[in-house]
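Shown next, in structure tokens, is the structure this report addresses.
Letters go in sequence order (proteins before strands), and every chain restarts at 1. Every value quoted in this text rests on a predicted model; they were computed, and no experiment measured them.
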Amino acid sequence: MDKNRITLFLQFCVALLAVACLVPPRTAGAQDPPRVVEISAKRFGFTPNQVTLKNGETVTLRLTSEDVTHGFFARPLKIDQEIEPGRTTELTVTPQAAGVYTVICHHFCGVNHGNMRMVITVTE
Amino acid sequence: MKQINRRRFMKFTGLSLGIGTLYRVIPALGADSALGGFLADMRRSNGESMSPFTFIQLSDSHVGFNGPPNPTGTAAFERAVEVINGLPQTPELVLFTGDLTHDSEDKDVHAARMAQFRKIAGGIKAPKLRFVPGEHDAGLDGGILFRENFGETHYSFDHRGIHFVGLDNVSRAKPEVGPEQLGWLRNDLARFPRTTPIVVFTHRPLFDLKPDWEWFTSDGDDVMNTLAPYENVTVLYGHIHRDHELDDGHIHHYAARSLIFAFPDPAVAPEKKPLPFDKEHPFKNLGLRTVADGGPKTKPQHALAVNNVELTLREYGGVNGIQQLLRKPSF
């Protein structure tokens, strides 16, 4: 290998190192995409019917309906969403306090609509 | 205007019968000149003075429901009709605050239930019946079946100096009134002086009573803000299948009991689950209570008793309840 090629290779390595140094290190949470939780609605329940989140953790709820339009509502978590069949609805949630929260369907979907609910538990 | 003692000239009574509530508007017309002046002022301010009448609120008959919380179906509703027809004074008006029927996936079945409701309600010997839908009546079809049977899902009318407003917070499927109806409400009320007595009747509570039991209306605050300038407002609603009263500033909210089954007190019950049926007392959870509002003139009286339906007379004092309709106008 001639001298020029060695010099060129070394210069390339130095440049690559410099670029690498300029890129900040990946930190957990800051760069990772939010955790995705998939929830399916079907008269008259949600699957899963219990989900556990961490306080302060941003998560994406990916909501789908297997039959008709449903609601997804939890006032303390600032969730007020409709879930239409045939499409995926994404919702970003960052719980602000630990606790056990009831999520209800608030889009009337049939005779047992009043019993359609699930629980989100937020841990510290 | 001369100070008058409202208790002397008018008496409002609410008759808690478990099948609904009877409200009496009783101006004790007499020789009191202050009363005459008051009524004249009301007439001048509102265009019409109030005059005595009674009305009843019924709610949540769920015609078509037949399950463990109440296997007797329409028995309580039919008994309610008997009781109303047996009252010594025929009410001029009966307001139904929704869930007239229990929903069905089968449109024909639902239509048959609505027809059955109309047949039973049609037996009430009152000259005027008015209805608003519950989510079981109008949540799935946007109110089509309700309109076929009763006309618009929201409307207003005047009766003896009181402006009645029926609001629909169910037919958009979600618990909300919606911007169009809010606009209609603003226009409807705009023509009235602020002293006009207003009774709003609707299905769901217009405030956050228990959101995770779906006991709320999303845009209830907008309705309240629209009503806020008016000094004499009472809101009657159903949906929660139990008594509840809320004094929200100068607006008073009253829930009627159901005619099918009762829900427990959300403050103590771990979950929303109907109270169990008691076959020895089939109407037990639908009423049978003695009510006192704490006012100085409160004196419960047993107005009448019809087998398992006891009626308890509730007399409101001057600071509580529907006597807000009779607040002195401010000029």
Side-chain angles (χ1 to χ4, degrees), chain A residues 39 41-46 48-53 61 63-87 89 91 93 95-122, chain B residues 60 62 64-67 69 98-99 101-107 109-110 113 133-143 168-176 203-204 207-221 239-241 258 260-261 263 266 269-274:
Chain A
I39 297 171
K42 183 182 178 183
R43 289 185 298 184
F44 298 97
F46 295 100
N49 63 8
Q50 293 194 46
V51 167
T52 300
L53 307 179
L61 302 181
L63 310 172
T64 54
S65 167
E66 294 182 33
D67 43 30
V68 298
T69 300
H70 291 283
F72 197 75
F73 177 85
R75 172 69 48 78
L77 295 173
K78 298 183 171 61
I79 295 174
D80 183 350
Q81 187 65 53
E82 291 205 318
I83 314 170
E84 294 175 8
R87 62 186 291 260
T89 301
L91 188 64
V93 176
Q96 299 298 313
V100 178
Y101 302 98
T102 300
V103 182
I104 62 168
C105 171
H106 68 322
H107 184 114
F108 189 75
C109 58
V111 287
N112 289 322
H113 159 80
N115 296 322
M116 187 167 170
R117 62 181 81 103
M118 65 169 290
V119 170
I120 292 181
T121 302
V122 178
Chain B
D60 295 85
H62 284 264
F65 179 89
N66 195 330
D99 281 355
T101 60
H102 201 64
D103 187 37
S104 171
E105 307 295 323
D106 185 323
K107 289 182 179 178
V109 170
H110 197 199
R113 291 176 179 180
E135 74 277 9
H136 278 269
D137 305 309
L140 281 186
D141 70 357
D168 166 11
N169 54 8
V170 300
S171 68
R172 294 165 63 90
K174 292 175 69 177
E176 64 186 17
H203 182 62
R204 289 185 168 111
F207 59 95
D208 279 2
L209 176 51
K210 181 74 174 175
D212 56 6
W213 285 17
E214 212 184 345
W215 291 3
F216 72 106
T217 299
S218 295
D219 49 5
D221 283 351
H239 187 59
I240 69 169
H241 293 216
S258 167
I260 193 72
F261 58 77
F263 281 122
E271 61 178 332
K272 181 185 173 188
K273 188 177 176 184

Give every donor-acceptor pair between chain A and chain B closer than 3.5 Å, one pair per line, or write none.
residue, atom, partner, partner atom, Å
A:R43, NH1, B:E105, OE1, 2.7
A:R75, NH1, B:D208, OD1, 3.2
A:R75, NH1, B:D208, OD2, 2.2
A:D80, OD1, B:K174, NZ, 3.4
A:F108, N, B:A173, O, 3.1
A:H113, NE2, B:E214, OE1, 2.7
A:H113, NE2, B:E214, OE2, 3.4

### Task
For the pair A:I79 and A:L61, evaluate side-chain contact (heavy atoms from CB on, under 4.5 Å) and give the outcome as yes or no after the intermediate values.
CA-CA 11 Å; A:I79 295 174; A:L61 302 181; 4.2 Å; yes
### Task
To the nearest 0.5 angstrom, please state how far the CD1 atom of A:I39 sits from the CG atom of A:L91.
9.0 Å
### Message
On a heavy-atom basis, which atom in A:I83 and which in A:G71 lie closest, and how many Å separate them?
### Response
CD1-O, 4.3 Å
### Summary
When every non-hydrogen atom of B:F65 is compared with those of B:G67, the smallest separation belongs to CE2-N, 3.5 Å
### side chain to side chain donor-acceptor pair (under 3.5 Å) partners for A:Q96, two or more places apart
none
### Task
Quick one: pull up SG in A:C105 and CZ in A:F72 and give me the separation to the nearest 0.5 Å.
10.5 Å
#### Entry: B:F216 portion near chain A, given a 4.5 angstrom heavy-atom threshold
side chain
